[in-house]
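Reading through the structure tokens given below for one structure.
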Amino acid sequence: MKKTEQLIEQNNQLRTQLTKENEAYYDDLLVYIRVKGFLYDELLVESTLLQILQDILEAQTAGQTAAEYFGNHPQETALALLDEFPKPAYTSLFKWAAYIFGLSSFYTVLSQFSSPVNQLRIGNFLLNGLLTGLLILLVFFFLQKSIYQQVIKRKFLLYLFLSLLVGGLFTGIVCIQVFLPTFLAISVSNSFMIGLILFLLLAFTLYLFKNWQTQREILQAILPFVYLSGIHGCLIRLFAFKLFFISQVGKIIFVVLLLGSILWFYYQLVRSSRKIVTEETH
Amino acid sequence: MSTRMKNSQLLKGTLEGCVLLFISQKEVYGYELVQEMKRLGFTEIVGGTIYPLLQKLEKKEALSSRMLPSADGPDRKYYQLTPLGKELALAFTEEWAELQAIVQPFIAFKGGIFHEENRTTD
């Protein structure tokens with residue numbers, strides 16, 4: 001286990017010892033610092049969070065509440081703390097941008113496989129990446145604004161709202177894809193497409209084996225969709241199956257399966273949206 | 001320490017100097033330091049004031065830290081003074097003495113009268 005993960009794990013375990021009142025106070029601080037400080041050195045962020053938690057617990061044992069010990073202005077303290085952290089390098093921003101872009105482009109490529117037209121839609125591909133990037137920034141912005149400004153008081157409602165926001169905008173992005181005319185496209189041959197699909201499926205499978213332990217939640221959420229799109233993309237291009245997928249029955253079966261896999265993804269997303277941020281185990 | 005002093009500019013630099021001086025005598029962790037500073041007169045201090053200060057001093061390498069085992073739970077972060085920290089602590093005591101020498105007569109002569117005159121309206 002990486003050092004940072006160890007710290008998060010210790011944090012999760014120690015947090016169970018907090019009283020209800022202190023937990024509410026510390027959870028806000030934790031989410032605020034993690035979200036606001038997501039470009040900063042993770043190890044430093046997590047070790048500081050753990051340090052504060054240990055001290056709040058010690059204060060709790062001595063009969064002090066978290067607010068009495070840490071102060072009534074947690075937001076200002078959090079900002080003052082982040083201000084004293086070494087400024088994040090642009091490389092970490094770039095790394096995140098590439099990661100987000102990669103993730104969304106992967107989805108765009110998959111959706112193109114399911115269309116029988118053999119072309120790579122580079123323009124739509126880039127646009128989709130940009131839109132998804134914006135979407136994620138928006139969610140981060142909202143999350144960080146909402147914690148201490150109490151726009152939505154109930155935690156549960158806040159996370160539900162965020163899930164719906166993500167779901168809605170994500171659907172919007174998919175719709176744009178459908179209605180947007182194709183631009184900057186390259187035509188390729190049938191076998192090239194099959195080769196590309198198989199290559200990407202193989203890469204995904206390797207990634208799956210390598211990162212199952214650490215990224216299980218997101219991987220299991222997208223797994224059915226990825227394999228379904230990939231396999232469908234290959235079959236539709238093979239003459240023996242082509243007729244089946246053009247038929248009414250074939251189309252219906254595919255659409256049902258596809259909807260199922262998207263619902264599965266969305267269900268997993270809502271279920272783990274809170275977990276992703278606070279990494280809670282209890 | 002009065003509540004009025006809690007947010008004053010005067011307090012900030014002073015607190016930093018005092019934290020350095022305290023750590024020069026004893027290696028401490030966050031909670032311990034907060035309690036000690038309270039006990040020694042900074043009664044209105046909270047953790048939220050101390051953590052950013054420790055982080056700042058560590059960043060400018062006036063403090064270093066190491067993890068030491070604790071009786072209950074994970075290791076704790078303990079702070080020590082670096083050679084630069086020692087220099088800053090020494091500079092603080094000198095500046096303080098110098099400042100005190102300058103400010104004291106003002107308070108004794110002018111401030112004394114000022115204080116007497118304004119006492120009733122305070």
Side-chain angles (χ1 to χ4, degrees), chain A residues 3 6-18 22 25-26 28-29 32-33 37 40-41 43-87 148, chain B residues 1 3 5-9 11-13 15-16 19-20 23 27-39 42-80 84-85 88:
Chain A
K3 183 92 183 97
Q6 253 172 28
L7 291 174
I8 293 173
E9 195 45 48
Q10 286 174 339
N11 193 313
N12 290 341
Q13 275 166 18
L14 275 187
R15 262 210 322 284
T16 57
Q17 297 175 22
L18 287 169
N22 288 350
Y25 181 96
Y26 182 74
D28 278 349
L29 186 73
Y32 192 78
I33 292 182
Y40 289 78
D41 177 14
L43 191 62
L44 186 59
V45 169
E46 287 307 325
S47 64
T48 306
L49 280 172
L50 185 63
Q51 185 193 5
I52 292 171
L53 175 58
Q54 285 175 299
D55 289 353
I56 286 180
L57 275 171
E58 195 164 341
Q60 180 177 297
T61 314
Q64 253 187 321
T65 66
E68 278 164 359
Y69 171 68
F70 198 75
N72 290 319
H73 308 283
Q75 185 189 15
E76 281 154 39
T77 304
L79 289 175
L81 254 177
L82 288 170
D83 206 38
E84 298 301 343
F85 283 173
K87 293 282 160 286
Y148 285 119
Chain B
M1 189 176 82
T3 344
M5 204 171 140
K6 203 169 151 187
N7 293 314
S8 81
Q9 284 300 315
L11 176 65
K12 281 186 183 152
L15 183 67
E16 186 178 320
V19 163
L20 284 171
I23 298 179
E27 188 175 5
V28 280
Y29 62 94
Y31 178 79
E32 204 182 353
L33 181 66
V34 175
Q35 301 312 312
E36 291 291 346
M37 296 314 281
K38 275 187 178 176
R39 194 176 61 82
F42 290 100
T43 47
E44 300 295 321
I45 231 73
V46 287
T49 320
I50 293 290
Y51 296 101
L53 180 60
L54 285 172
Q55 184 56 44
K56 177 184 162 194
L57 290 171
E58 200 180 4
K59 190 171 78 172
K60 73 177 185 194
E61 292 175 358
L63 294 178
S64 61
S65 64
R66 60 174 174 161
M67 302 303 284
L68 288 176
S70 89
D72 47 346
D75 293 354
R76 306 198 77 133
K77 192 174 181 180
Y78 280 79
Y79 294 91
Q80 316 94 37
L84 176 68
L88 290 175

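What you see below is based on every heavy atom in this structure, not just the backbone, and it leaves out hydrogens, waters and symmetry mates. Residue numbering restarts at 1 for every chain, and letters A, B, ... go by the order of the sequence lines.
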Let me confirm one number: the CG-CG distance from B:Asp75 to A:Leu7, rounded to the nearest 0.5 Å.
10.0 Å
dist A:Glu76:CD -> B:Thr49:OG1 (nearest 0.5 Å) comes out at 10.5 Å
B:Glu32 versus chain A, the contacting section by heavy-atom distance below 4.5 Å:
neither
Contact origin within B:Lys60 toward chain A - heavy atom pairs under 4.5 Å
neither
Heavy-atom proximity to chain B below 4.5 Å, by part of [X]:
X       : value
A:Gln10 : side chain
A:Leu44 : side chain
A:Leu81 : both
A:Gln17 : neither

Show the nearest heavy-atom pair for residues [X] and [Y], with the distance to one decimal.
X       : Y       : result
B:Gly48 : A:Thr77 : O-CG2, 3.2 Å
B:Tyr51 : A:Asp55 : OH-OD2, 2.6 Å
B:Val46 : A:Glu68 : CG1-O, 3.7 Å

Under 3.5 Å: donor-acceptor pair, side chain of A:Glu84, backbone of B:Lys59:
no
Test item: A:Glu58 and B:Gln35 side chains (from C-beta on) under 4.5 Å apart, heavy atoms:
no
Pairing residues for B:Glu27 by the side-chain hydrogen bond (donor to acceptor under 3.5 Å, both in side chains) criterion, not counting sequence neighbours:
B:Arg66, B:Gln80
A:Tyr69/B:Val34 under side-chain contact (heavy atoms from CB on, under 4.5 Å): CA gap, chis, key distance, verdict:
CA-CA 9 Å; A:Tyr69 171 68; B:Val34 175; 3.5 Å; yes
Between A:Gln64 and B:Tyr31: side-chain donor-acceptor atoms closer than 3.5 Å
no
Under-4.0 Å salt bridge between A:Asp83 and B:Lys56:
no
